[in-house]
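Just so it is clear: chains get the letters A, B, ... in the order the sequence lines come, proteins before strands, and each one is counted from 1.
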Amino acid sequence: MDFTLTDEQEMVRETARSLFARECTADFLRAAWDDPSSAAVLWDKQLSGWMELAAGDVVDLMLFVEEHGRAVAPGAFFASLLAAQVAAAAGRELAGSASVAVAGADGLWIPHEGATKHFVPSAAEVDEIVVVGGSPEAPTVALVPAARVARVPVDQMDGLRRQFRVDVSGVEAGEPVDPATWRHAVERALVTCAAELIGVGRWLLDASVEYAKERVQFGRPIGSFQGLQWELVDAALELERAAAAVSYAAMCVDADDADRHRAVHGAKAEAGLAARACARTGLQVHGGIGYTWEHDLHFRLRRAYAGDAFMGPSGYHHDRLAELLFDERHGP
Amino acid sequence: MRLSFSAEDEAFRDQLVAFIHEHCPPEAYGGRDFIGSDPSGPDDGTRIPDWARDWQAALFDHGWMIPSNPAALGGRDATPTQTLIYLEELAARGISRSVHFVGYAIVGPSLLEFGSEEQKALAPAAIRGDTVWCAGMSEPNAGSDLANLSTRAIEDGDHFVVNGQKVWTSYAMAASRCFCYVRTDPDAPKHKGISALIIDMDSPGVEVRPLRDMTGRTEFAEVFLTDVVVPKSNLVGERNDGWRITMGALGHERGGLWVEGVAGCQRAVDDIIAMIQRRGRGKDPVVRRRLAELYSQVRGLRALGYKGFASFARGSSAPEHSFMKLATSELRRTLCEAAMDLQGAALAVTDPEVSEERGRWQEAFFGLLAGTIGGGTSEIQRNVIAQRVLGLPRGR
C-alpha cells in the first residue's frame, strides 16, 4: 500500500487549495448564506469546469473535495459531483448542475418508490435532478429538469448547503440500474462526502492551532497550556486517522478491492466523527470569539455535523460495517 | 497512491515466508519480548532460552534480522518498502525476532551511529544476540524527565568512576553489558552534561536487584553502581553529548514499532469478533456497534501508518508516525478491556477451569498496561506531538 501522491495529484490539490482560498472569502460565504443564488458565479466561472473529476479516479476527486470542504464552499458543485456519479450508474451524463433525490425520511440512500424524497442538497440551485426510485434490489435512475419537480426548502443548521424535500410524483419511471453498479455509485458518493469532512476538520484544526499560538492569557500563549495541547493532540489524532482511512477507501474503490465495502463505511463514520471532534475542540480553543457570527468557525461546525448526518450518520455506517464483520465475514 | 506491491517486493515476501516456515521455532510465535518464557528455565529473567538464541542467530546469518542492514550486520540491503513487508509478515504472525529487543533495536544502531571503530565492532554481536545488552536509562528521579539523571561519572586518569542507580532496566539480569547514560558535567544545563558509557556488567560494584512486575514476571531490575571503574575508551560519542544519543535511541526504538502495534490491534479485534460469534453474542446491537467502532479505528491507524511510511520512504519526516505509539498502545489496552467486558462478571476470572477464555485477555491486558508507560508515556507522547507536530509553544 503506497500513499505517495503523483505530481499530477499534488497539482490537483494545490490548484484546488488556491482556487478555493481565492474565491471563498468571508464575504462570499456570508453573501451565499443570505442568498444561495449569489454562489452561482463560483459554479459558472470555476467549478463547472472541474466536473470531469466525477468520472475519474476517486483519489483525485478526494483531493479536490477535501479543499472544497476546507473552504466550506457553497453552491451547486458538491451536489453535482454526487449527481454525476449516480447518473453515470445509468450511463447518463449531466447537462449542467444537478442534485440527487433518493433519500427517505431517514436520510438514507436506499432506493424506494415513495414520491417524496428528502434531504436533497442544493435542489433550488441546480439545473437537473437525478431521481432514484425502485428498490434496493432493482434501483431506477431518471434525469429530469429541476423545474419539473416541486422543491420545498427544509430549514437546516448548514445554511451554506440547503436541503430540500422534493416531490417526484410526476416523474416517469427511470432506467433500471444493476444493484452492484448502484452500490458502486453510492460508495463513490460516500467517499466524496467523507473527503469533504476531512477538509472541514483540517480547517478547524489548523485555525485552532494558529489561534492557540497567538492568543495570550495569564501572560502566555494559551497553546502552551498542557490541558489545551492535549485536546488539540487528540483531535489531530482522530483527524489524521480518519484522513488516512478516507485515502485508503478511495484507493480501494478505485482498485475495486475486496475490502472496499468495509473501508467505505469505516471512512464515512471516521470522517464524520473526526470533523465533529475538530469542531467541538476548535470552538473550545477559540472561546468567545469562535462563538460569534462574525467568526468563520461556525460555518465549518455546521458543515461538520450536517455532513456527518448526510447519507447516514456515523452510527449507521458502523452498523453497516458490523453487518460485514459479523454476518458476511469468513476469516479476517 | 496504490494498494499493491511490485513483483520484486512480492518475491521478497515469498522468500521471507519460506524462511519463516523453515526456521521459525514454535516458541517464537509468542508475540512479545519475554526472557523468562522458557518453561524449562527459571522464571527470573536470568537466562536466554536456547531456542531464542538459535532463532536470532538464524535470522542474522540468513540476512533476516534487520533486512535493511548489509549482510555483515544481519541484513540483505532491503529497501524501506521491503522492510515494511518484513515487519508486517512477522507482526501478523506474532513472531518475535528476539527475546531481548535492547541489543538489536537500541544498542546496535546507537553504536553504529555514534561509536568509535572499536565500538562499532560490538554491533554485530549485539544484533545477532550473542551479547545481551541492557540500557541504563531511567533512574528513581529520572523517568519521563530522563535528562534529570544523576548517576555520576567522575574522570580519574584513564577511566571514569561511576556511582548511582538505574531502574526499570530490562534484561539487566541476563545482560553482560550495559549501555549506560551518566552525568559527566553536573554544572552544565541538564541536557548538556550527559554522556554514554559501555559498562561491563561483571565489573566490581555493579549490583543487579531483580524487580518483579505487576504481572508477576521478572523482566526488569534495579541496577546499583558503586565505584564502578569504566575505561575512558568505553565512552560512546563525544563527552557531554549523550543527550543526542538518547534521542536517537528512542527513535530506533520507535522506528518500525507501529507495524507491530497495528498488527497487535488487528489480531485483537479479529479475535474479539470470533469470540463474540463463539459466545453467541453476534446479534447484540450494542456489541456490534462497539466492535465496528473499534475495527474502524484499527483500520484507520493501519492506513495512517502506511501514509507516514510513504513520507519516510522518500526521506521526508513522517509526522504521522508520532501518533502511532500513542494511538496503538491506548487502542490495544481499550481492545483488551472490551474483550474483558464481554465476559460480564467473569471479567476478573482467570481460572482456566471456569473461564472459557482461560484468562488470556486478562493476561494480555496486564502485559499491555506497560505499553502506555514504557518507551515514553502517553502523556509525554502528547506533549511531544503538541510541540513538534502541531508547533505549539512549550509549556512551563
| side chain to side chain donor-acceptor pair (under 3.5 Å) partners of B/Glu89, counting only residues at least two apart | B/Arg13, B/Arg93

| Given that the side chain runs from C-beta out, which part of B/Glu379 has a heavy atom under 4.5 Å from chain A: side chain, backbone, both or neither? | both

| field | Segment of B/Ile276 engaging chain A (4.5 angstrom heavy-atom cut-off) | value | side chain

| query | If you count heavy-atom pairs under 4.5 Å with chain A, which of B/Arg314, B/Arg302, B/Glu293 comes out on top? | reply | B/Glu293

| Which residues in residues 264-273 of chain A have any heavy atom lying under 4.5 Å from a heavy atom of chain B? | A/Gly266, A/Glu270

| query | More than 12 heavy atoms of other residues, nucleotides or ligands under 6.0 Å from CD of A/Gln284: is that the case? | reply | no

| field | Short N-O contact, A/Glu238 and A/Arg276, less than 4.0 angstrom | value | no

| Do you know the tightest heavy-atom contact between A/Val191 and A/Ala250? | CG1-CB, 4.0 Å

| Qualifying residues under salt bridge (Lys or Arg N to Asp or Glu O under 4.0 Å), relative to A/Asp296, sequence neighbours excluded | A/Arg30

| message | Just checking B/Arg388: does its CZ atom have more than 12 heavy atoms from other residues, nucleotides or ligands closer to it than 6.0 angstrom? | response | no

| field | Toward chain B, the part of A/Ala242 with a non-hydrogen atom under 4.5 Å | value | neither

| remark: Per-residue tally against chain A (heavy atom, under 4.5 Å) across B/Gly300, B/Ala310, B/Pro393, B/Ala386 peaks at B/Pro393

| Shortest non-hydrogen separation from A/Thr4 to A/Gln9 and the atoms involved | O-OE1, 4.3 Å

| What part of B/Arg290 is in contact with chain A, defined as an atom under 4.5 angstrom from a non-hydrogen atom: side chain, backbone, both or neither? | neither

| task | May I ask you to name which of B/Gln297, B/Arg299, B/Gln387 has the most heavy-atom pairs under 4.5 Å with chain A? | result | B/Gln297

| said: Check B/Arg288 with A/Asp327, please: is the shortest side-chain N to carboxylate O separation under 4.0 Å? | reply: yes

| remark: Nearest heavy-atom approach of B/Gly375 to B/Lys325 is O-CE, 3.9 Å

| field | Least distance between heavy atoms, A/Leu197 atom then A/Gly307 atom | value | CD1-O, 3.7 Å

| field | Residue list, side chain to side chain donor-acceptor pair (under 3.5 Å) with A/Asp234, at least two apart or on another chain | value | B/Arg382

| task | Report the option among B/Ile385, B/Val389, B/Asn383, B/Leu291 that has the most heavy-atom pairs separated by less than 4.5 Å from atoms of chain A. | result | B/Asn383

| query | Tell me, side chain or backbone of A/Gln226 under 4.5 Å from chain B's heavy atoms, or both, or neither? | reply | side chain

| message | Under 4.5 Å from any heavy atom of chain B, what part of A/Asp206 do you find: side chain, backbone, both or neither? | response | neither

| query | Do you know which of A/Ala243, A/Ala255, A/Ala236, A/Pro221 has the most heavy-atom pairs with chain B at a distance under 4.5 angstrom? | reply | A/Ala236

| request: Identify which part of B/Arg289 has an atom lying under 4.5 Å from any heavy atom of chain A, answering side chain, backbone, both or neither. | output: both

| field | A/Arg300 side chain vs A/Arg70 backbone, donor-acceptor pair below 3.5 Å | value | yes

